[in-house]
Amino acid sequence: MDLAERISTLRRVNDLSARQLAALVDVAPTTVTRIESGAVSPSFDLAQDIMAVLGEPIGFTSSADVSAIAAARLALDPMLDLTVAPGVEVWRRRWARIGLVDEKGFAISGKEADLMFRAGRAARLTRRSGSVDFKTGPTAYDVADSLHSAGFDYAVTGDTGANLYRSSAGEAWPVLYVEDVDRAAETAGLARKESGSFGTRLTLIPFDGVCELGRVLVDGVTVVARDQVIIDAYGGVDRMTEQADILLGRRVT
């Protein structure tokens, strides 16, 4: 798949019109349509911006931009203890251009769900920096119990987190944020999944100073804040988008 086709496909997957994508990267709508048709090739910088917005960053690591999550969390909760870094300002300007936040970066009333969807798609759960996949076996609850017993900080997210806030489905992909991935894996007795292998997995993501903020205890399990669970679910796989919709009342179980 060439770049033009990839951009066109990802734009549709992200439920963006050509005009919205153009606004997000601050170019004319005709520029996007000409790129997708193959009539012109974007500069490297523009290609980077487009792919970052679409959740498929270009670079050495191709890791998700956690600044998108920070901008969304601050838009929803301005009192959150987060620094407004330059990356946050970039996302604020992008989202302001499509009417998701105001000039101060606060979420527009009625656009909160759309904002969380955009943040989740921009910072996909599958592309978090430092994340490690492990072989399946133990559930997220099993790992949480092991880490709690050993005194390690953690917080579950994804479908497990969604179920803790409102039971809706089984656990398809156990995902936890942890203070130290290697120590957590050793404590929980996890075995690394072979690189490049497919199939089910359990994933540990290191604390990044953003996603673990506001974690709470629900039914004896530490879980990330509800807004973070929704963002992560929108950036997840399989039925996780449906679970985010359920938490937001967009879908009836």
Side-chain angles (χ1 to χ4, degrees), residues 10-11 13-17 19-27 48-57 63-129 155-158 161-162 165-166 175 177 205 207-216 223-236 240-251:
L10 287 171
R11 177 177 63 76
V13 167
N14 281 276
D15 196 24
L16 284 169
S17 67
R19 184 174 296 277
Q20 287 174 315
L21 177 56
L24 284 167
V25 296
D26 201 19
V27 298
Q48 278 190 314
D49 284 348
I50 291 172
M51 297 307 286
V53 165
L54 297 176
E56 298 281 346
S63 295
D65 186 358
V66 74
S67 294
I69 297 175
R73 293 288 304 275
L74 280 169
L76 297 163
D77 181 5
M79 300 305 293
L80 203 61
D81 186 19
L82 276 174
T83 301
V84 181
V88 170
E89 291 288 6
V90 168
W91 283 101
R92 282 178 167 177
R93 289 193 295 271
R94 285 171 174 163
W95 288 331
R97 289 195 291 265
I98 60 171
L100 297 182
V101 301
D102 62 19
E103 68 280 358
K104 294 182 179 179
F106 300 158
I108 299 293
S109 179
K111 295 294 185 178
E112 295 86 354
D114 291 337
L115 175 63
M116 287 188 273
F117 176 81
R118 294 291 165 217
R121 291 305 178 95
R124 295 182 187 276
L125 202 56
T126 54
R127 289 180 172 269
R128 297 298 174 78
S129 178
V156 302
T157 189
Y165 280 108
R166 177 176 176 177
V175 184
Y177 291 101
I205 303 172
F207 285 173
D208 55 27
V210 177
C211 299
E212 72 273 14
L213 293 182
R215 55 193 185 276
V216 297
V223 58
V224 296
R226 181 177 177 276
D227 288 346
Q228 186 65 48
V229 165
I230 294 170
I231 291 170
D232 287 344
Y234 275 137
M240 291 171 70
T241 294
E242 294 179 19
Q243 290 174 298
D245 284 342
I246 289 169
L247 284 178
L248 288 167
R250 286 177 149 186
R251 185 185 297 266

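Heads up: numbering here begins at 1 and tracks the sequence. All heavy atoms count here, side chains included; hydrogens, waters and symmetry mates do not.
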Where is the tightest heavy-atom contact between Met240 and Gly158, given as atom of each residue plus distance?
-> CE-CA, 3.4 Å
Taken to the nearest 0.5 Å, the spacing of Ile231 CD1 from Arg73 CZ works out to 6.5 Å
For side-chain contact (heavy atoms from CB on, under 4.5 Å), just list the numbers for Arg128 and Asp232, CA-CA rounded to whole Å, side-chain angles, deciding distance to a tenth of an Å, and then say yes or no.
-> CA-CA 10 Å; Arg128 297 298 174 78; Asp232 287 344; 2.7 Å; yes
Option among Val13, Asn14, Val25 that satisfies the side chain to side chain contact (heavy atoms under 4.5 Å, CB included) test with Leu54 | Asn14
Less than 4.5 Å apart, any side-chain heavy atom of Asp49 and any of Asp26?
-> no
Full working for side-chain contact (heavy atoms from CB on, under 4.5 Å) between Leu24 and Arg97 | CA-CA 6 Å; Leu24 284 167; Arg97 289 195 291 265; 5.6 Å; no
So, for Ala96 and Asp102, which heavy atoms are closest and what is the spacing to 0.1 Å?
-> CB-O, 4.4 Å
Applying the side chain to side chain contact (heavy atoms under 4.5 Å, CB included) test to Leu247, which of Arg226, Met116, Glu242 qualifies?
-> Arg226
State the CG-CG distance between Leu213 and Asp227, to the nearest 0.5 angstrom.
-> 12.0 Å
Return the minimal non-hydrogen interatomic distance between Leu100 and Arg118, and the atom names on each side.
-> CD1-CG, 3.7 Å
Val84 versus Glu89, closest heavy-atom pair with distance | CG1-OE2, 3.4 Å
Distance-minimising heavy-atom pair for Trp95 and Ala72 | CZ3-N, 3.7 Å
Taking it one step at a time, do Phe117 and Asp245 satisfy side-chain contact (heavy atoms from CB on, under 4.5 Å)?
-> CA-CA 9 Å; Phe117 176 81; Asp245 284 342; over 6 Å; no
Do the two ring centres, one from Phe207 and one from Tyr177, sit under 6.0 Å apart?
-> no
Does Val156 reach the side chain of Val175, with side-chain heavy atoms less than 4.5 Å apart?
-> no
Side-chain touch Val229/Tyr165, heavy atoms, less than 4.5 angstrom = yes
Taking the side chain as every heavy atom from C-beta outward, state whether Trp91 and Asp65 have any atom pair closer than 4.5 Å.
-> yes
Pairwise distance CG(Asp77) to CD(Gln228) - rounded to 0.5 angstrom | 12.0 Å
For the residue pair Val90 and Ser67, establish whether any side-chain heavy-atom pair is separated by less than 4.5 Å.
-> no
Closest approach of Ala70 and Val88, non-hydrogen atoms and distance?
-> CB-CG2, 3.7 Å
Are Cys211 and Ile69 side-chain neighbours, meaning at least one heavy-atom pair lies under 4.5 Å?
-> yes
side-chain contact (heavy atoms from CB on, under 4.5 Å) between Val223 and Thr157: does it pass, once the steps are laid out?
-> CA-CA 6 Å; Val223 58; Thr157 189; over 6 Å; no
Any chance you could measure Leu82, atom CG, to Leu74, atom CG, to the nearest 0.5 Å?
-> 4.5 Å
Can you name the one residue among Arg121, Arg127, Arg11 that meets salt bridge (charged side-chain N to carboxylate O under 4.0 Å, His left out) with Glu56?
-> Arg127
Side-chain heavy-atom pair Leu76, Glu112 within 4.5 angstrom cut-off = yes
